[in-house]
Trainee: 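Have a look at the structure that comes next, please.
Quick note on labels: first sequence line is chain A, next is B, and so on, each numbered from 1.
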Amino acid sequence: MDDNIMIRVSDVTMRFRMNNDKILSLKEFVTTALRGKLQYHNFTALEHVSFDVKKGETIGLIGRNGAGKSTLLKIISGIMKPTEGSVECHGNIVPMLELGSGFDMDLSGRENIYLNGAILGYTKPFLDEKFQEILDFSELGDFINIPIRNYSSGMLARLAFSIAAVVKPEILIVDEILTVGDAQFQEKSKRRMMELMSGGATVLLVSHNIKQVRELCSRAVWLEHGRVRAIGEAKEVCGAYEHPEA
Amino acid sequence: MVSRKKVLKISLTVLAVYAILACLFYFLAGDQLRFRNSRGNVEMLPAESGTVELVQGAVVEQSFAARIQRLESVSVQWGTYYRPNAGTITMELIDASTGTVLLSGQFDAAAIAEGGLTTLTADAPIETAYGVPLVLRLTADSQAGSAASPLMAATLPETYAEQTLEASQLTLNGVPAAGALCYAVSGEDYIWTGLHYWKFCAAGAVLILLFLFVFWKRCRAGKRSYLLNAAHAMRKYRFLIRQLVSRDFKTKYKRSVLGVFWSFLNPLLTMIVQYFVFSTIFKSDIPNYPAYLLVGIVSFNFFSESCGMALTSILGNASLITKVYVPKYVYPLTRVLSSVINLGISLIPLVLVCVFTGVQFRKSVVLAFFFLFCLILFSYGLSLLLSAAMVFFRDMQFLWNVLSMIWMYATPIFYPESILPENFRFVLAINPLYYFIQNTRLCILDGLSPEPVAYLQCMLIALGMLLAGSFVFRKSQDRFILYL
């Protein structure tokens with residue numbers, strides 16, 4: 001395999017088998033099965049999607065709601081297994097999908113930095129070393145020692161972003177450029193994000209902001225109804241996306 | 001890639017640990033590794049009547065044979081006619097084929113109470129008596145009116161004739177009589193495995209070497225191996241597991257006044273309540289009932305707590321599972337590990353109660369940890385199974401409530417196993433917890449090591465559950481996310 005390729009998505013198909021009504025109890029399952037009403041319909045979220053991402057590339061994923069962008073990100077970050085096909089990743093992935101999942105409201109900010117860091121796959125020495133940096137970036141000050149159930153939503157978002165953004169990942173997966181907190185922090189977090197993306201990392205960016213994709217990405221993948229509609233230079237793909245008739 | 005030096009280091013460590021464990025086990029298991037209570041022991045028959053008044057010149061003889069490899073003691077039960085007696089009773093055990101006296105002893109008739117026993121104990125176990133016709137002869141020099149009488153049973157249980165190799169014959173003053181004397185014979189048998197312990201150890205070492213060799217070959221060939229993967233994952237996720245466990249622990253006792261003391265107090269309070277309830281209702285004859293009860297409670301509490309918590313571990317962490325990749329077995333594992341910490345804490349009250357109730361701790365206490373370890377493995381296996389099942393069928397939590405209650409009553413926690421009627425004994429035989437708890441009790445309370453086969457049994461049960469659980473979990477884990 002080419003050393004330069006960081007992510008290889010080969011022929012990925014994701015099919016969900018959905019009951020008309022999710023059956024979650026044994027009794028329901030048996031009774032509906034007996035009545036012969038156990039109907040499934042397959043929903044195909046992704047169909048034969050293939051592309052490679054090279055080292056250091058920033059790739060944009062565009063497409064309308066329900067096109068399968070988030071499913072693809074979940075498959076690449078290993079959260080879901082594709083029905084068919086395979087995904088190979090080389091390097092540590094930091095998914096910036098939904099920040100702060102895994103926070104425990106009863107623990108203090110300090111404890112949550114370690115807990116959330118561990119969930120993101122950081123090591124203890126790394127967190128010990130970066131602790132001050134995270135704290136400084138989040139601007140939480142003395143609040144770090146109180147349980148986070150007392151935090152405002154802005155404070156929570158700032159803490160979550162600071163933990164996720166402290167690492168220098170080899171592969172960064174971003175679902176929309178996250179801008180959290182007040183205007184000043186938004187500016188700061190955006191700057192940090194750009195820093196990460198330009199810092200040699202391979203970036204996979206999902207965005208509805210076409211202008212941003214055009215600016216940041218070298219290449220783009222346009223997904224439509226689970227299929228790759230177009231792949232290529234970001235400017236061209238974005239142009240085609242904005243003016244599909246042309 | 002694994003370097004040669006590292007492989008050598010790992011191999012040596014594994015072998016050293018193995019050797020230490022083998023020696024430690026040999027030391028801790030002690031005599032119980034080589035001998036067990038003989039299955040050929042002759043139980044005392046229930047007394048129905050007296051034989052003859054054992055005056056001077058009277059002879060009571062009971063001939064029998066027994067399958068006991070190391071005969072240790074013979075006892076006879078006596079009637080006194082409820083009067084003070086006098087004189088000396090002579091008891092002899094004779095090898096009928098050669099006529100040699102194997103054991104003999106004299107007892108003061110005045111010291112024997114109604115229904116009391118006289119026991120001949122061998123200084124060194126007699127190894128020549130296996131299956132040999134033996135005669136137990138009783139004589140005395142007492143006067144009529146102050147002589148005791150050995151008791152006898154007229155009706156014999158079905159198994160009795162087989163047990164004594166059809167050689168039982170009671171002779172009263174030279175006249176054959178129906179029935180049998182109330183006597184008991186006990187001793188030990190050799191355990192084949194125990195006698196060949198070091199050979200087994202050597203065989204184990206060879207197997208380990210072979211395994212390491214294959215493992216090394218595979219590593220060099222660049223093949224993935226489960227063991228290496230597991231070790232790698234363990235190192236990678238050790239920190240996460242520790243964080244999640246400490247989270248469980250911190251949030252559990254957050255904002256409670258006594259905090260971690262509850263881990264300590266809970267089993268103690270349960271024990272006290274059950275002690276008062278059951279010691280008055282059941283009037284059980286279990287020696288040291290509080291300690292007996294507490295071993296059961298601590299073990300079962302661990303089991304039901306870990307499984308109960310792990311049951312919801314996948315569902316409860318749904319928000320994480322759908323957003324970050326973490327191997328999913330980590331979630332049930334952390335719940336079980338938090339329960340292990342709880343188990344560790346609740347061992348403190350157990351030790352305290354044992355000390356207060358005068359349990360003599362022997363070296364076999366260390367062996368109890370083996371059975372606790374098996375219990376932990378078993379619980380983890382079941383946890384994997386339950387947590388996976390819970391994702392697909394939410395009824396599992398209600399089913400589990402009922403199931404764990406049934407399980408509790410089916411395990412001798414607060415009752416002795418002897419109260420179960422014969423036709424319900426199978427419940428114990430198929431109950432894995434029974435094996436773990438009973439052997440733990442044997443190690444702690446009786447200071448004895450169970451037979452070697454018990455270790456194998458428990459390990460196999462635990463590993464079997466673990467394998468079954470892992471298999472189901474592995475097969476279904478990719479579909480979890482679709483049902484969360």
Trainee: Does CZ in B:Phe471 sit with more than 12 non-hydrogen atoms of other residues, nucleotides or ligands closer than 6.0 Å?
Mentor: no
Trainee: Tell me whether A:Phe143 at atom CZ has more than 12 heavy atoms from other residues, nucleotides or ligands lying less than 6.0 Å away.
Mentor: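 Atom CZ in A:Phe143 is not packed in, count stays at 12 or less.
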Trainee: Can you establish whether the number of heavy atoms outside A:Arg192 located under 6.0 Å from its atom CZ is more than 12?
Mentor: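 Counting neighbours around CZ of A:Arg192, more than 12 heavy atoms of other residues, nucleotides or ligands fall under 6.0 Å, so yes.
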Trainee: With chain B as the partner, which of A:Asp106, A:Thr123, A:Ile79, A:Leu120 has the greatest number of non-hydrogen pairs under 4.5 Å?
Mentor: A:Ile79
Trainee: Check the surroundings of atom CZ in B:Phe373: do more than 12 heavy atoms from other residues, nucleotides or ligands lie under 6.0 Å from it?
Mentor: no
Trainee: Can you tell me how far apart CE (A:Met80) and CG (B:Leu482) are? Round to the nearest 0.5 Å.
Mentor: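 Result: 6.5 Å between the selected atoms.
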Trainee: Quick one: pull up NZ in A:Lys124 and CG in B:Leu240 and give me the separation to the nearest 0.5 Å.
Mentor: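 The CG atom of B:Leu240 is 14.0 Å from NZ of A:Lys124, to the nearest 0.5 Å.
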Trainee: Using every non-hydrogen atom in the two residues, find where B:Thr322 and A:Lys74 come nearest and quote the distance to one decimal.
Mentor: O-CE, 3.2 Å
Trainee: Under 4.5 Å from any heavy atom of chain B, what part of A:Leu73 do you find: side chain, backbone, both or neither?
Mentor: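 Neither; nothing under 4.5 Å.
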Trainee: Distance check, rounded to the nearest 0.5 Å: A:Lys81 atom NZ versus B:Gln477 atom CD?
Mentor: 6.5 Å
Trainee: Between B:Ile321 and chain A, with a heavy-atom cut-off of 4.5 Å, which part of the residue counts as in contact: side chain, backbone, both or neither?
Mentor: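 For B:Ile321, backbone heavy atoms alone lie under 4.5 Å from chain A.
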Trainee: Pick one of side chain, backbone, both or neither for B:Val326, based on which atoms fall under 4.5 Å of a heavy atom in chain A.
Mentor: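 When you check distances to chain A, only side chain atoms of B:Val326 fall under 4.5 Å.
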Trainee: Does atom NE2 of A:His225 have more than 12 heavy-atom neighbours from other groups under 6.0 Å away?
Mentor: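 No - once you tally the heavy atoms of other residues, nucleotides and ligands closer than 6.0 Å, there are 12 at most.
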Trainee: Counting only heavy atoms not in A:Arg149, do more than 12 fall under 6.0 Å of its CZ?
Mentor: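 Counting neighbours around CZ of A:Arg149, more than 12 heavy atoms of other residues, nucleotides or ligands fall under 6.0 Å, so yes.
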Trainee: Taking the side chain as every heavy atom from C-beta outward, state whether B:Phe239 and A:Tyr122 have any pair of such atoms under 4.5 Å apart.
Mentor: no
Trainee: Does B:Trp407 CH2 have over 12 foreign heavy atoms under 6.0 Å away?
Mentor: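 Enclosed.
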Trainee: More than 12 foreign heavy atoms under 6.0 Å from CG of A:Asp142: is that the case here?
Mentor: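 Check fails, neighbour count at 12 or below.
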Trainee: Roughly how far, to the nearest 0.5 Å, is CG of B:Leu320 from CZ of A:Phe103?
Mentor: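 One finds 11.0 Å between CZ of A:Phe103 and CG of B:Leu320.
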Trainee: Which pair of non-hydrogen atoms, one from B:Gln243 and one from A:Leu115, has the smallest distance, and what is that distance?
Mentor: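 Nearest pair, atom of B:Gln243 first, then A:Leu115: OE1-N, 3.5 Å.
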